[in-house]
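Worksheet: one structure, shown below.
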Amino acid sequence: MRPLIKEILLMKPDTEPRTVYGWVRTKRDSKNVCFFELSDGSCLKNLQVIVDKEKYNPESILAKLTTGAGLEVDGMLVESPGQNQAVELQASEIKILGEAPAETYPLQKKRHSFEFLREIAHLRPRTNALGAVTRVRSAASFAVHRFFQERGYYYVHTPIISASDCEGAGEMFQVTTMDMNEVPKVDGKVDYSKDFFGKSSSLTVSGQLEAEIYALSHSNVYTFGPTFRAENSNTARHLAEFWMIEPEMAFCTLEGNMDAAEEFIKYVIKYVLDNCAEDMELFNKFIEKGIVDSLKSVVNSKFYRVTYTEAMKELEKNADKFEFKPSWGVDLQSEHEKYLTEQVFNGPVIVTDYPKDIKAFYMKMNEDGKTVRAMDVLVPRLGEIIGGSQREDSLEKLTARIEDMDLEKEDYWWYLDLRRYGSVPHSGFGLGFERLIQYMTGMQNIRDVIPFPRTVHNAEF
RNA sequence: UCCCCUGUAGCUCAGCUGGUAGAGCGGGUGACUGUUAAUCACUAGGUCGGCAGUUCAAGUCUGUCCGGGGGAGCCA
């Protein structure tokens with residue numbers, strides 16, 4: 001395999017000519033020499049190529065060395081007299097593999113706004129910032145798998161299409177093969193028995209319930225896959241299609257769950273800091289000043305842990321600061337989460353034991369009968385990054401909760417079976433992968449940390 | 001879905017109380033003894049988001065639709 005520019009930049013000067021491939025990022029031309037920089041996406045830095053016009057002067061080619069052009073360049077890697085690079089390529093022959101006419105190529109050698117780049121999502125990975133995001137995202141994905149694999153978790157592929165109507169984590173996208181112009185009906189209602197699966201089906205909003213199945217056979221499992229929410233939400237931290245990581249651990253209480261979540265976040269951050277130092281420096285300099293130091297301190301510190309009740313007391317002390325008055329029984333508002341992470345604790349905080357009425361039916365009830373064994377990890381800038389809980393493992397209590405919340409017990413027959421046969425304490429959490437990337441890079445809009453963002457009214461590319 | 005802001009050259013923006021448009025960057029041309037956000041000179045780019053209205057006159061005011069951004073809710 002050909003060496004990548006990332007590797008070439010670390011090499012000693014050549015004794016024999018080599019061939020390099022890449023795309024032109026920028027060109028600087030003068031009377032006798034022409035410099036251009038090549039990128040192949042393997043790293044943030046470019047390889048500087050120098051053309052000595054006296055020795056090699058193909059005018060027709062030099063004119064086509066525009067930003068974006070794809071090249072094959074033969075030359076000698078030599079020590080660079082310049083300040084910004086150790087080596088550079090002295091070109092002896094340049095072959096244009098693909099031109100990029102400067103009059104129409106949208107990317108210029110200047111800063112572009114992220115809003116503009118979103119409109120050209122097919123070209124934006126060629127920019128420094130989005131290129132760095134791409135590498136960090138890939139490294140973080142690898143770190144996710146490595147973290148769990150090193151600890152004996154099994155990667156379970158939970159379904160993308162779900163015909164069970166029992167997830168309740170938000171609005172769902174319907175999946176159907178029925179002709180929408182001629183929907184079969186019975187008594188005025190859609191006849192789903194005629195549909196592909198014989199019943200109404202949707203894209204998954206969570207793999208948790210299925211992950212629980214495998215946790216109760218393989219102890220520790222995780223999922224990492226696309227998740228779909230048809231919410232009409234228009235914010236910098238919501239997507240209709242996003243990637244979620246959901247570990248589920250048997251013989252594990254809320255405390256073990258919190259330990260796992262904390263260790264996990266630190267592990268992925270540390271992996272990215274160690275393996276994407278150059279890209280992280282870009283974010284540190286241009287996107288969120290000081291983020292590298294702040295992430296380093298997160299890795300080395302202990303996450304604060306408070307109960308919802310304690311957090312509420314803290315908020316009530318400063319009730320006048322908030323638009324929404326904090327009071328026990330009401331969910332934490334964005335401003336409350338920001339205050340806790342940014343003002344009170346200045347770092348990640350785990351809030352536990354929320355009132356049962358603001359949490360999902362499957363969370364384990366506390367002794368007090370009022371709160372459940374839930375935990376949310378809140379971080380500065382973003383708010384909630386993880387939501388998790390110890391699961392209710394008592395058949396009686398879970399059944400009662402399902403009935404209390406007016407859910408159909410029959411829909412949950414297999415979920416209840418897990419409590420009927422060999423039920424043990426188990427816990428898990430869900431982490432939005434894009435939010436983690438946002439947290440690590442400082443990128444303000446979630447649409448810029450996923451290659452092809454899907455949001456309300458937008459599924460372009 | 002609600003509140004606020006915004007839509008002018010390829011990009012980022014300026015355009016005061018209404019009088020038919022400007023900068024920087026980018027592009028093109030030329031100059032320049034190795035540049036690295038190169039530099040310098042010249043030059044070409046605009047139905048001012050769409051539609052309707054007020055007015056002698058609308059980039060500027062009003063209504064409406066569409067796009068973008070920020071905040072809120074929902075959540076990961």
Side-chain angles (χ1 to χ4, degrees), chain A residues 25-37 45-54 63 66-68 78-85 88 90 100-120 127-128 168-171 205-208 224 226-246 261 286 322-324 330-338 358-360 376-379 382-388 429-439 444-447 449-450 455-458 460:
Chain A
R25 274 307 188 67
T26 176
K27 181 175 73 163
R28 294 174 292 274
D29 199 7
S30 65
K31 191 177 183 182
N32 299 322
V33 283
C34 172
F35 297 92
F36 62 90
E37 296 187 26
K45 277 193 127 176
N46 303 317
L47 173 66
Q48 174 163 284
V49 181
I50 170 168
V51 183
D52 187 333
K53 291 184 182 173
E54 285 174 6
T66 55
T67 302
V78 298
E79 201 176 323
S80 173
Q83 291 299 303
N84 297 354
Q85 59 280 319
E88 63 191 17
Q90 189 102 42
E103 298 85 355
T104 54
Y105 189 57
L107 290 174
Q108 309 168 351
K109 42 189 243 185
K110 58 167 285 191
R111 256 216 85 204
H112 287 292
S113 68
F114 289 121
E115 290 83 5
F116 172 66
L117 292 175
R118 254 171 249 152
E119 295 169 11
I120 48 167
T127 63
N128 286 340
E171 293 297 313
V205 292
S206 165
Q208 178 200 318
F224 183 9
T227 309
F228 308 87
R229 305 260 168 103
E231 303 288 349
N232 184 13
S233 52
N234 207 294
T235 77
R237 49 184 197 288
H238 286 90
L239 291 164
E241 176 183 291
F242 64 100
W243 288 66
M244 190 150 68
I245 296 148
E246 294 176 292
F286 300 114
F322 304 113
E323 187 186 338
F324 296 92
V330 178
D331 207 356
L332 297 178
Q333 304 288 317
S334 282
E335 56 175 343
H336 301 151
E337 295 179 348
K338 283 210 169 86
I358 57 173
K359 288 294 181 184
D376 284 359
V377 179
L378 313 179
V379 297
L382 288 172
E384 184 180 345
I385 196 169
I386 281 181
F429 61 84
L431 173 135
F433 186 58
E434 285 74 19
R435 288 200 184 163
L436 182 61
I437 303 296
Q438 271 190 286
Y439 181 56
Q444 293 195 340
N445 199 308
I446 200 165
R447 297 163 199 199
V449 296
I450 187 167
T455 53
V456 188
H457 291 305
N458 183 20
E460 195 63 56

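Given the structure is predicted, the values throughout are model-derived calculations rather than measurements. Residue numbering restarts at 1 for every chain, and letters A, B, ... go by the order of the sequence lines.
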Open item on the list: Is the distance from the ring center of A/F324 to that of A/H336 below 6.0 Å?
Closed with: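 Between A/H336 and A/F324, which both carry aromatic rings, the centre distance is not below 6.0 Å.
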
Rounded to whole Å, how long is the line connecting atom [atom1] of [X] with atom [atom2] of [N]?
X	N	atom1	atom2	result
A/Q438	B/A76	CD	P	15 Å
A/E460	B/G68	CD	P	11 Å
A/E171	B/A76	CD	P	14 Å
A/I386	B/A76	CD1	C1'	10 Å
A/E337	B/A76	CD	P	11 Å
A/L117	B/G69	CG	C1'	15 Å
A/I120	B/G26	CD1	C1'	13 Å

Open item on the list: Base, sugar-phosphate or nothing for A/I245? Non-hydrogen atoms, less than 4.0 Å.
Closed with: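 The answer is nothing, as A/I245 stays clear of every strand by at least 4.0 Å.
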
TODO: Describe the nucleic acid contact of A/R25 in one word from base, sugar-phosphate, nothing, applying a heavy-atom distance below 4.0 Å.
DONE: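 Nothing, no heavy atom under 4.0 Å.
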
List, with names and distances, any nitrogen or oxygen atoms from the protein found under 3.5 Å away from nitrogen or oxygen atoms belonging to nucleotides 71-74 of chain B.
from  : atom 1 : to     : atom 2 : distance (Å)
B/G73 : OP1    : A/Q333 : OE1    : 2.5
B/G73 : OP1    : A/S334 : N      : 3.4
B/G73 : OP2    : A/S334 : OG     : 2.9
B/G73 : N2     : A/N232 : O      : 3.1
B/C74 : N3     : A/H238 : NE2    : 3.0
B/C74 : N4     : A/H238 : ND1    : 3.2
B/C74 : N4     : A/H238 : NE2    : 3.0

Open item on the list: According to ring-ring contact (aromatic ring centres under 6.0 Å, His included), who are the partners of A/F36, at least two apart in sequence or on a separate chain?
Closed with: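 A/F36: no ring-ring contact (aromatic ring centres under 6.0 Å, His included) contacts found.
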
Open item on the list: Once ring-ring contact (aromatic ring centres under 6.0 Å, His included) is applied, do any residues pair with A/H238, and if so which ones, sequence neighbours excluded?
Closed with: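 Scan of A/H238 (ring-ring contact (aromatic ring centres under 6.0 Å, His included), adjacent residues dropped) gives none.
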
Open item on the list: Using the six-membered base ring of B/A76, report whether A/F433 stacks on it, requiring centroids under 5.5 Å and planes under 30° apart.
Closed with: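 Check failed, A/F433 does not stack on base of B/A76.
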
TODO: Could you tell me whether B/G45 is syn or anti, where syn means a glycosidic angle within 90 degrees of zero?
DONE: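 B/G45: syn glycosidic orientation.
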
What pairs of nitrogen or oxygen atoms, one from the protein and one from nucleotides 45-49 of chain B, lie under 3.5 Å apart?
none

So what's [N] paired with, Watson-Crick or G-U wobble, going by both distances under 3.5 Å?
N	result
B/A23	B/U12
B/G7	B/C66
B/C48	none
B/A41	B/U29

TODO: Starting at the 5' end of nucleotides 34-42 of chain B, put B wherever the base has a protein heavy atom under 4.0 Å, S where only the sugar-phosphate does, and a dash everywhere else.
DONE: BBBSB----

- [ ] Summarise protein proximity over nucleotides 4-14 of chain B in one line of letters, 5' to 3': B for base, S for sugar-phosphate only, - for none, counting protein heavy atoms closer than 4.0 Å.
- [x] ------BBS--

